[in-house]
Amino acid sequence: DEIAQNLSFSFVYASGDVVQFSLDPEFEIDGGSMNATLRFETAQNSNGLMSFNLSLEDTGGVERGGENITTVAFNISVLSVNDAPTFELRRTQIEVLEDSGIFELAGYAFNVSAGPPDEIAQNLSFSFVYASGDVVQFSLDPEFEIDGGSMNATLRFETAQNSNGLMSFNLSLEDTGGVERGGENITTVAFNISVLSVNDAPTFELRRTQIEVLEDSGIFELAGYAFNVSAGPPDEIAQNL
């Protein structure tokens, strides 16, 4: 005898986290099956647990002690999914001169971030791996030091003596948020270090710096008077002298 009454769902927030929605939860009643579809969309990077009170109201009224509302509690739990950390590089090509000492560039990596506000407490670390190119030797391997105040990172390295060439690296920033539920915890960017060759002076030694000969003694010849004659380090050995 009440089947013709109109029905409508409504809900109110009860407790829990304040999860943001780009499409608020809604309930659409299918009059044929008398079921209702729940539909919602959470906002980007919003997660947490919320409790709601869902009420179904009819149009029969409350006269003579009647009841027109039934309320049931339900929860929406939005599970966090780790976002990959992010950063930018001032440039992807670094050029230094051979034998130029320690190279340091403050803020080489900038806008270093663990992700959205709910991930800001995660720890971050840089790492890099050789990708391709020449095998340049380092006396101080490239390192990235994060300044927690500015969230920039300083690049620092020193090449070994007489070492030059072009090397490509993959630089990765990793956070501690993990990869559960399809999360991402690593971002990788390629960069190059080009160590430009600088010619070294040729070298040699003399057996002695004082030569004495007798007057009218003819041709003087001293084999090996200049010795250890070299065009320079191994990468210059093909030069003509």
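Please read all numbers here as calculations on a predicted model, not as lab measurements. For the single chain, residues carry numbers from 1 onward in sequence order.
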CZ (Phe103) and CG (Leu155) are apart, to the nearest 0.5 Å, by 5.5 Å
Test Met167 against Ile94 for side-chain contact (heavy atoms from CB on, under 4.5 Å), laying out the working first.
-> CA-CA 10 Å; Met167 295 185 78; Ile94 299 293; over 6 Å; no
Work out which heavy atom in Ala109 is nearest to a heavy atom in Phe126; give both atom names and the distance.
-> CB-CZ, 3.9 Å
Inter-residue atom distance Asp118.CG - Asn47.CG, 0.5 Å rounding = 5.0 Å
Would Val136 end up clustered with Phe144 when hydrophobic side chains under 4.5 Å apart are linked, directly or stepwise?
-> yes
Euclidean distance, Ser230 OG relative to Leu241 CG, rounded to 0.5 Å = 7.5 Å
Applied to residues 139-164, the salt bridge (Lys or Arg N to Asp or Glu O under 4.0 Å) test, sequence neighbours excluded, yields Glu104-Arg156, Glu143-Arg156, Glu145-Arg156
From CG (Leu54) to OG (Ser10), nearest 0.5 Å | 7.0 Å
Can you measure from OG (Ser22) to CD (Gln44) and round to the nearest 0.5 angstrom?
-> 8.0 Å
Heavy-atom donor-acceptor pair, Asn68 side chain to Thr59 backbone, under 3.5 Å = no
Is there a chain of hydrophobic side chains (I, L, V, M, F, W, Y, each step under 4.5 Å between heavy atoms) that links Val96 to Ile102?
-> no
Tightest non-hydrogen contact, residues Gly165 and Asp134, listed as CA-OD2, 3.3 Å
At their closest point, which heavy atom of Ile69 faces which heavy atom of Glu57, and how far apart are they?
-> CG1-CG, 3.7 Å
Whether Asp99 side chain and Asn162 backbone form a donor-acceptor pair below 3.5 Å | yes
Show every donor-acceptor pair shorter than 3.5 Å between a side-chain atom in residues 71-87 and any protein atom, with sequence neighbours excluded, or say none if there are none.
residue: Thr71; atom: OG1; partner: Ser55; partner atom: OG; Å: 2.7
residue: Asn75; atom: OD1; partner: Ser51; partner atom: OG; Å: 2.6
residue: Asn82; atom: OD1; partner: Gln122; partner atom: NE2; Å: 3.0
residue: Asn82; atom: ND2; partner: Asp175; partner atom: OD1; Å: 3.0
residue: Asn82; atom: ND2; partner: Asp175; partner atom: OD2; Å: 3.4
residue: Asn82; atom: ND2; partner: Gly178; partner atom: O; Å: 3.1
residue: Asn82; atom: ND2; partner: Glu184; partner atom: O; Å: 2.9

Check the surroundings of atom CD in Glu180: do more than 12 heavy atoms from other residues, nucleotides or ligands lie under 6.0 Å from it?
-> no
Which atom pair, heavy atoms only, marks the closest approach of Tyr108 to Thr92?
-> OH-CA, 4.0 Å
Ala153 versus Val112, closest heavy-atom pair with distance | N-CG2, 4.5 Å
Gln137 and Ser163 have their tightest heavy-atom pair at N-OG, 2.8 Å
Measuring from Leu166:CG to Gln93:CD, what's the distance to the nearest 0.5 Å?
-> 6.0 Å
Connected via hydrophobic side-chain network under 4.5 Å: Leu206 and Leu222 = yes
